[in-house]
**Q** 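Take a look at this one; I'll ask things after.
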Amino acid sequence: MKSVCFVFLLLSILTVSHPAFATLGFEGEDGYRLWLKYGPITNTSANKVYKSYLQHIKLRSQSKTAAIVQQELRLAATGLLNIQPNFGSINSKLVIAPKAQLIANELWLLPYLNDIGDEGFVIKDKEGVIFISANSDIGLLYGTFHFIRLLQNMQPIENLSIVQKPKVKLRMLNHWDDLNRHAERGYAGQSIFDWHKLPDYKEQRYYDYARANASIGINGVVPINVNSDSLILTPKYLKKVKALADIFRPYGIKIYLSLKFSSPQQLGGLATSDPLNKEVQQWWQQKTNQIYSLIPDFGGYLVKANSEGQPGPGDYGRTHAQGANMLAKTLQGFGGVVLWRAFVYNQNSNTERSLQAYNEFVPLDGKFAQNVSIQVKNGPIDFQPREPFSPLFGATPETSLAMEFQITQEYLGFSTHLAYLGTMYKETLMADTHVLGKGSTVSKVIDGSLHNNSLTAMAGVANIGSDRNWTGHIFGQANWYVFGRLAWDHELTAEDIAKEWIAMTLTTKGSASAKILSMMMHSREYVVDYMTPLGLHHLMDTGHHFGPGPWVNNLGRDDWNPTYYHRADAKGIGLNRTSSGTNGVSQYARYWQKRFSDPSTTPQELLLWFHHLDWDYLMPNGITLWQALAHHYDKGVAGVAQMQATWSSLQGEIEPNQFKQVAMSLSIQLKEAKWWRDACMLYFQSISKRPFPESFEPPKQNLEYFRSLQHPYAPGQG
Ligand code: BDP
């Protein structure tokens, strides 16, 4: 009787629960496979051509990296073409071989390999056979991923003639992850690095992560937070780091570590961490030696010093150069580098915050060791939705400068706002500093060509976490992707990269793809409009940075308060950074000084970054500044509504799971865009005392309501 009851119970659970699961609609692609899902190519003619190349492949190398190349081709052939390639066949139409393995009748490839370094690759067709060659197996891996990308994008592959090498040497992800798996400014779950279970437990995710990075050319990873923990340098943790380094190596990825400058005291029991102290220097040398004995290809150190409470050389009256060079010296014999961050602003300084990094670092130009690069955030404040390029770019001809972009959307809506950052990265990279006349773009500073610097680097603060889809938002994956692609080649366009990503991740159908592309290309500007239009910045709420807080004026430091940046008063709004104000303009080349000094020649999108203007200031289109502000806030909200409508129209064309995830996020984004608009406009109205323009939909809540909102559990807090 008992067992009959049990069977009955089981049957009823199954019959009840099964349909319930089916109606959830979360089956299918959940985003884990990123842009490497290799969905079937249905175009029959492309399919036929590709098959003819991938059916028989000659791979002439035996390394671990070559095994990855082989596995990748197998995955691509199975997924895209539903065939099992045959490796080693004599009649191959696809030959993959490093320089050292080229045979007599392939030596025509040699001249192409001369100038592509260790990471470049060549893909060349000769008489109907495609050759992928490189000076190293890592180059072969990059070439293979590139070749597969052509297939994923259904590009013609006859007569290929491709020679590529990366424009920037170090292409790095910086994780702001703590050893307890909390991810500072991370919105996609916990850190992917499980330090507790390392080194013995090596998660599949580490390999998948390395593979995804290799597919876009990322070759360096800092797995822990710039607000570092000295524990990472203890032998116990270094063994864990070694485990990761061993996994990443065949994918061409080196490990770097963030360090705490006070480690000699914290770990070594020394009385000081003064970089000029002999014992301190010895301590660091021994630490570096120890790391290299475990990880012979260790990349080096990333350092946040004398910034936001972190220790640094300034604690001993020493300069950033003295601190950086002390560390650099320990790495020199091993080929390691120091990435020293320029994100510093001094508690005791009255100088306006955006000027401080330049003031500290420009006088040190030429004083840094050859293996030091100064890592500079794209703008002079802090990853705001829009900032002008940092004036440091181009201002230190004798010092190598690395770019630091933020991929995680700390200030652009966390992981529920769709904001394709390709357009933002390009805006900075293409910005012309004019330091050596027209054409002195930021990208030329970063790739070293402007001042002939050979140590070149680009870092992205990762948006990756333990969420199934890696980045919390499916479109967050596009930001990881575009960062890697631009670090490889900053001349690619944001649009072309978005197209690639869409085809590989969402759909290859022309009309759907065009709609998604349009969403992506406009998305960042929508965020700027509903958060910080016309050059406003730093309007977010305190600590967690979630949502608007333009009224906040009571924080411990002046320059943490939004009121410090927007300076709204009865007369007008904006921060005067001209010579009659903080004189921030003086840090730019003469060309920009002139333009930024006059509101009529300041790019409109940076107007209130550089100027304090009357509420009734007349904009070029004849409306007042106050009206323009309302107009922008509205435009941002309307843009999100438009994205939502576009996305809805794609139902049935996108995998249902991915579709739902994005649809849900878009509805959150719309709510939050309205929140930003209403809260900011009500607050500014309380100061401007101007009526809302007629077209502006009156907010449903009052300012007090918005000011009362609390978010104690907003994720990612520092
Ligand atoms: C700010 C973040 C903080 C970081 C800091 C940095 O709010 O969490 O530690 O930047 O870059 O944007 O060091």
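Computation of the quantities below employed the complete heavy-atom set of this structure, encompassing side-chain atoms and omitting hydrogens, waters and symmetry-equivalent molecules.
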**Q** Roughly how far, to the nearest 0.5 Å, is CG of Leu613 from OG1 of Thr624?
**A** 11.5 Å
**Q** Can you spot which of Tyr256, Tyr206, Tyr209 makes a ring-ring contact (aromatic ring centres under 6.0 Å, His included) with Phe248?
**A** Tyr209
**Q** Taking Lys426 for the side chain and Leu492 for the main chain, is one N or O donor matched with an acceptor at less than 3.5 Å?
**A** yes
**Q** Does the side chain of Phe405 come within less than 4.5 Å of Leu429's, by heavy atoms?
**A** yes
**Q** Heavy atoms only: give me the nearest Ile474-Asp30 pair and the separation to one decimal.
**A** CD1-O, 4.1 Å
**Q** Minimum heavy-atom separation for Met619 to Ala628, with atom names?
**A** CG-CB, 3.8 Å
**Q** Working to the nearest 0.5 angstrom, can you tell me the gap between Thr505 OG1 and Gln658 CD?
**A** 7.5 Å
**Q** Assess whether ring pair (Phe, Tyr, Trp, His ring centres under 6.0 Å) is satisfied between Tyr633 and Tyr530, documenting all intermediate values.
**A** CA-CA 4 Å; Tyr633 273 109; Tyr530 64 71; 8.7 Å; no
**Q** Look up atom CG in Leu682 and atom CD in Glu704, then write down how far apart they are to the nearest 0.5 Å.
**A** 10.0 Å
**Q** Where is the tightest heavy-atom contact between Leu539 and Cys680, given as atom of each residue plus distance?
**A** CD1-SG, 4.4 Å
**Q** Compute both the distance and the angle, then confirm whether Arg677 meets the cation-pi test with Phe696: under 6.0 Å from the six-membered ring centre, within 45 degrees of the axis.
**A** yes
**Q** Main chain of Phe546, side chain of His544: is a donor-acceptor contact present, judged purely on distance under 3.5 Å?
**A** yes
**Q** Take Asn463 and Thr408 through the side-chain hydrogen bond (donor to acceptor under 3.5 Å, both in side chains) test and state the conclusion after the steps.
**A** CA-CA 4 Å; Asn463 61 348; Thr408 190; over 6 Å; no
**Q** Can you see which heavy atom on Asp177 is nearest to which on Pro223, and at what distance?
**A** CB-O, 3.7 Å
**Q** Can you tell me how far OG of Ser523 sits from CG of Asn479, rounded to the nearest 0.5 angstrom?
**A** 8.0 Å
**Q** Would Trp551 and Phe684 count as a close aromatic pair, with their ring centres under 6.0 Å?
**A** no
**Q** Judged by atom type as modelled, is there a donor-acceptor pair below 3.5 Å linking the side chain of Thr507 to the main-chain atoms of Ser513?
**A** no
**Q** Is Trp470 reaching over with its side chain to a backbone N or O of Tyr32, donor-acceptor style, under 3.5 angstrom?
**A** yes
**Q** Can you establish whether the number of heavy atoms outside Glu694 located under 6.0 Å from its atom CD is more than 12?
**A** no
**Q** Between Trp626 and Tyr617, does the ring centre distance come in under 6.0 Å?
**A** no
**Q** With no hydrogens and no angle check, is any side-chain donor or acceptor of Glu653 less than 3.5 Å from a backbone partner on Leu650?
**A** no
**Q** Side chains of Trp592 and Phe389: does their closest heavy-atom pair fall under 4.5 Å?
**A** yes
**Q** Does the side-chain hydrogen bond (donor to acceptor under 3.5 Å, both in side chains) test come out yes or no for Thr602 and His611, once each step is laid out?
**A** CA-CA 9 Å; Thr602 302; His611 304 280; 2.8 Å; yes
**Q** Determine whether a donor-acceptor pair (N or O, by modelled atom type, separation under 3.5 Å) exists between the side chain of Ser649 and the backbone of Thr646.
**A** yes
**Q** Just by distance, no angles: are the side chains of Asp382 and Tyr411 close enough, under 3.5 Å, to form a donor-acceptor pair?
**A** yes
**Q** Does some side-chain heavy atom of Leu666 sit less than 4.5 Å from a side-chain heavy atom of Thr416?
**A** no
**Q** Kindly state whether the ring of Trp480 and the ring of Trp35 have centres lying under 6.0 angstrom apart.
**A** yes
**Q** Start with the C-alpha distance between Asn225 and Asp178, add both sets of side-chain angles, then the distance that settles side-chain hydrogen bond (donor to acceptor under 3.5 Å, both in side chains), and finish with yes or no.
**A** CA-CA 6 Å; Asn225 201 341; Asp178 299 324; 2.9 Å; yes
**Q** Between Thr471 and Gln477 (side chain of the first, backbone of the second, donor and acceptor by atom type, cut-off under 3.5 Å), is there such a pair?
**A** yes
**Q** When you measure from the centre of the six-membered ring of Tyr565, is the NZ or CZ of Arg567 closer than 6.0 Å and no more than 45° off the axis?
**A** no
**Q** Around Met430, counting heavy atoms of other residues, nucleotides and ligands shown, do more than 12 lie under 6.0 Å from its CE?
**A** no
**Q** Do Asn174 and Met172 touch side chain to side chain, with heavy atoms closer than 4.5 Å?
**A** yes
**Q** Report yes or no: is the cationic atom of Arg181 (NZ for Lys, CZ for Arg) under 6.0 Å from the centre of the six-membered ring of Trp195, at an angle within 45° of the ring normal?
**A** no
**Q** Would you check if the side chain of Asp447 reaches a backbone N or O of Lys167 as a donor-acceptor pair within less than 3.5 Å?
**A** no
**Q** May I ask you to decide whether Glu427 forms a salt bridge with Arg524, counting only side-chain N to carboxylate O separations under 4.0 Å?
**A** yes
**Q** Check whether His175 reaches the backbone of Leu173 with its side chain - one donor and one acceptor, N or O, closer than 3.5 Å.
**A** no
**Q** Can the ring centres of Phe475 and Tyr420 be said to be less than 6.0 Å apart?
**A** no
**Q** Any luck finding a side-chain donor-acceptor pair between His417 and Ser665 under 3.5 Å?
**A** no
**Q** Is there a donor-acceptor contact under 3.5 Å linking the side chains of Gln310 and Asn227?
**A** yes
**Q** Quick one: does Phe692's side chain get under 4.5 Å of Pro699's, heavy atoms only?
**A** yes
**Q** What's the shortest heavy-atom distance between His612 and Gly574, and which atoms?
**A** ND1-O, 2.7 Å
**Q** Can you confirm whether Leu536 sits close enough to Leu629 that some side-chain heavy atom of one is under 4.5 Å from a side-chain heavy atom of the other?
**A** yes
**Q** Could you verify whether a donor N or O on one side chain and an acceptor N or O on the other, from Asn153 and Glu500, lie under 3.5 Å apart?
**A** no
**Q** Aromatic ring centroids of His566 and Tyr683 under 6.0 Å?
**A** yes
**Q** Can you tell which of Glu352, Gln356, Glu308, Arg557 makes a side chain to side chain donor-acceptor pair (under 3.5 Å) with Tyr345?
**A** Glu308
**Q** Are Glu525 and Arg386 ion-paired here, with the side-chain N under 4.0 Å from a carboxylate O?
**A** yes
**Q** Determine whether a donor-acceptor pair (N or O, by modelled atom type, separation under 3.5 Å) exists between the side chain of Asp569 and the backbone of Gly572.
**A** yes
**Q** Starting from the C-alpha separation in whole Å, work towards a yes-or-no answer on side-chain hydrogen bond (donor to acceptor under 3.5 Å, both in side chains) for Asp678 and Gln701.
**A** CA-CA 8 Å; Asp678 293 351; Gln701 287 96 354; over 6 Å; no
**Q** Quick one about Gln375 and Glu404 (side-chain donor to acceptor, distance below 3.5 Å, no hydrogens or angles considered), yes or no?
**A** yes
**Q** Return the NE2 to CE distance between His490 and Met458, rounded to the nearest 0.5 Å.
**A** 8.0 Å
**Q** Counting C-beta onward and ignoring hydrogens, is there a side-chain heavy-atom pair between Val461 and Arg185 closer than 4.5 Å?
**A** no
**Q** With side chains defined as the heavy atoms from C-beta onward, is the minimum distance between Arg353 and Tyr564 less than 4.5 Å?
**A** yes
**Q** With ring-ring contact (aromatic ring centres under 6.0 Å, His included) as the test, pick out the partner of Tyr588 among Phe393, Trp609, Phe596.
**A** Phe596
**Q** Please report the interatomic distance CD1(Ile381) to CZ(Phe343), rounded to the nearest 0.5 Å.
**A** 9.0 Å
**Q** Shortest non-hydrogen contact from Ile192 to Ser466?
**A** CG2-N, 4.0 Å
